[in-house]
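Presented below is the structure to which this report refers.
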Amino acid sequence: MSITLYRKYRPLSFADVTEQEHVKRTLRNQLEAGTVAHAYLFIGPRGVGKTTIARIFARAINCGNRKGGEPCNECSSCKEILENKSFDLVEMDAASHTGVDNVRENIIENVRFAPAKLKYKVFVIDEVHMLSTGAFNALLKTIEEPPPHAMFILATTEIHKVPATIVSRCQRFDFRRISVPGMVKRLKEMANEEGFTVDDEVLAMVSRAADGCERDAESLLGQLLSLGEKNVTRETAALVLPGSATVQVAELLACVAKQDAAGALSSLNKFVEEGVDAVVFLDELIETLRAMLLSSLGANETLDRMMGGAVRTQVLGFVKEWGMVKIVGFLELCLDARRGTRLERIPQLPLELALVEMCIDIPVLPLAPPVPPAPLAPSTFIPISVSDLERQWPKVFERIKEVNATLPLIIQTGKILSINGNEVEMGFQYRLHADTVNQAKNQAMLGSILLEVLSCPLRIKGIYALAEADAATSDILEQFGGTVA
Ligand SMILES: [Zn+2]
């Protein structure tokens, strides 16, 4: 049996509601100033406090001892609503009462009569976008000319399905997903109140799994507490939480360490089939790599907060094996993939590509401090000409081939355009190639090779330039006696 926290800890005042500060402040100010609207539209994902705030508002507007916009929860009006006994708070779930008859019966007929006991009759319609067209039209007339005692709060998760005519009649509030820290704080209070202690990292895992939905987070916490252990640790939590992301990330990293691209992709597919969201998972991977990066620099706190036991030992092994430069390279790949997810029709594809690259592309650079990114002061810099560089290029290219399998194929298609200070501009016909060359890990590798071969601190900057366009430009410039820069 799971402990039902959601009802038990339903906030009684605006101040108790997690986050949504902008909504709470505006409503309290309106209640104080007596400037409340007659129709509100609450928009936002499920489980972020829309109906909770609607109920607090219904009490506050009717409360005889309201203070600072908050209901007293003691007077007869507040008590009647809290005990679900009031006829003047009408709550309707449009998902199960979609038809025009329901709206007519529950709202349009009802709204004409004065409130039974309270000052205002408050109508809360949840999932309002589910109403039929006929029902919306009937509702619209009432909202356009509401009796002075009527108050409407419409809540929806899908604003685009609510007719514009309705939206324009309402004062609109956009609710946001609850942040992980906000959720952790709230869950911690509940757990302590119930007499449990739960590790912060477990609460963070619960919050992340709930993806901003407080109701889901509270339900997961309820399941954890019902395991009966007074102190809920990561190990206990693993029994309840859907496939712990940290363990899954470690499994993928193990494939990367073995350069097993097939294994990495089949693990990822298994996770996705189990219901893991590829984008959320990519975020977990990025968070883990970030913790590993910090750890490679000697700061283990973040990693320790994220994982423990055997997984931690395994991941620390990867940190030692890979070192800072390679972890930075992996992070770059994953961040690129993260940017790509918005554009891809298959959201897991960018992650798959990144994983393949992580598996096949293990730069084994024995040497090489990374090149300083800023241009050097002119006095310390020995210039090299384009023709000098072109003459030495075969040596550079051979060295690139020695340390990397894929990059030479790209470099081969590039053309040295110019040298500005310590920056070599190299033109590529495809944007992807230029972008690849500009990735931090490739920059670090190319920089160290140039330094090694030419004893010259250069950086290669990939530039996307169509060959044809270039030729045309240089023709024009030549006519005018200029040069291609
Ligand atoms: Zn009251």
Side-chain angles (χ1 to χ4, degrees), residues 4-44 47-93 106-107 109-126 128 142-143 146-156 170-175 178 182 185-186 189-190 192-194 214-215 218:
T4 309
L5 300 167
Y6 186 62
R7 284 207 178 78
K8 186 168 172 187
Y9 290 96
R10 194 149 207 180
L12 294 180
S13 66
F14 289 115
D16 290 344
V17 176
T18 313
E19 300 188 343
Q20 316 300 1
E21 299 302 331
H22 58 301
V23 179
K24 296 187 292 191
R25 192 180 319 126
T26 312
L27 289 178
R28 275 204 304 242
N29 287 346
Q30 289 184 352
L31 284 159
E32 282 291 271
T35 55
V36 290
H38 276 278
Y40 290 95
L41 184 58
F42 289 179
I43 303 158
V48 296
K50 298 190 297 295
T51 51
T52 300
I53 286 191
R55 280 183 203 163
I56 296 169
F57 185 81
R59 287 200 300 278
I61 188 81
N62 282 305
C63 177
N65 310 315
R66 191 171 60 227
K67 278 207 186 77
E70 297 278 16
C72 75
N73 295 324
E74 302 279 335
C75 69
S76 61
S77 301
C78 284
K79 282 221 161 105
E80 214 179 276
I81 296 180
L82 278 174
E83 288 162 11
N84 287 325
K85 284 181 188 156
S86 176
F87 291 106
D88 297 322
L89 171 62
V90 182
E91 289 182 279
M92 185 176 141
D93 181 4
N106 286 318
I107 297 166
E109 299 296 323
N110 191 338
V111 81
R112 286 191 277 148
F113 301 104
K117 274 193 184 165
L118 307 181
K119 200 169 157 206
Y120 287 95
K121 218 169 211 177
V122 182
F123 296 85
V124 179
I125 311 180
D126 202 10
V128 70
T142 311
I143 291 184
H149 61 256
M151 180 81 63
F152 289 90
I153 301 176
L154 316 180
T156 181
C170 298
Q171 197 171 109
R172 166 179 175 154
F173 286 101
D174 288 86
F175 285 60
I178 313 292
K185 184 167 170 276
R186 168 89 174 145
E189 285 164 5
M190 283 183 194
N192 293 346
E193 191 73 22
E194 291 289 315
E214 186 162 333
R215 202 182 311 160
E218 288 168 8

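Quick note: residue numbers are just sequence positions, from 1. Numbering of ligands and ligand atoms starts at 1, following listing order.
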Subject >> Listed partners of Thr51 passing side chain to side chain contact (heavy atoms under 4.5 Å, CB included), at least two apart >> reply: Arg10, Asp126
Subject >> Smallest separation among heavy atoms of Asp174 and Val23, with atom names >> reply: O-CG2, 4.3 Å
**OP:** Using modelled atom types only, decide if a donor and an acceptor are shared between the side chain of Arg66 and the backbone of Leu31 within a distance under 3.5 Å.
**Re:** yes
Original post:
If every non-hydrogen atom of Ile107 is compared with every non-hydrogen atom of Met92, which pair is closest and at what distance?
Top reply: CD1-SD, 3.8 Å
Original post:
Within a radius below 2.8 Å of the Zn ion (ligand 1), how many protein N, O or S atoms are present?
Top reply: 4
Original post:
Between Phe175 and Phe42, what is the ring plane arrangement, given parallel below 30°, perpendicular above 60°, and tilted in between?
Top reply: tilted
Original post:
Is there a donor in the side chain of Tyr9 and an acceptor in the side chain of Glu194, or the other way round, less than 3.5 Å apart?
Top reply: yes
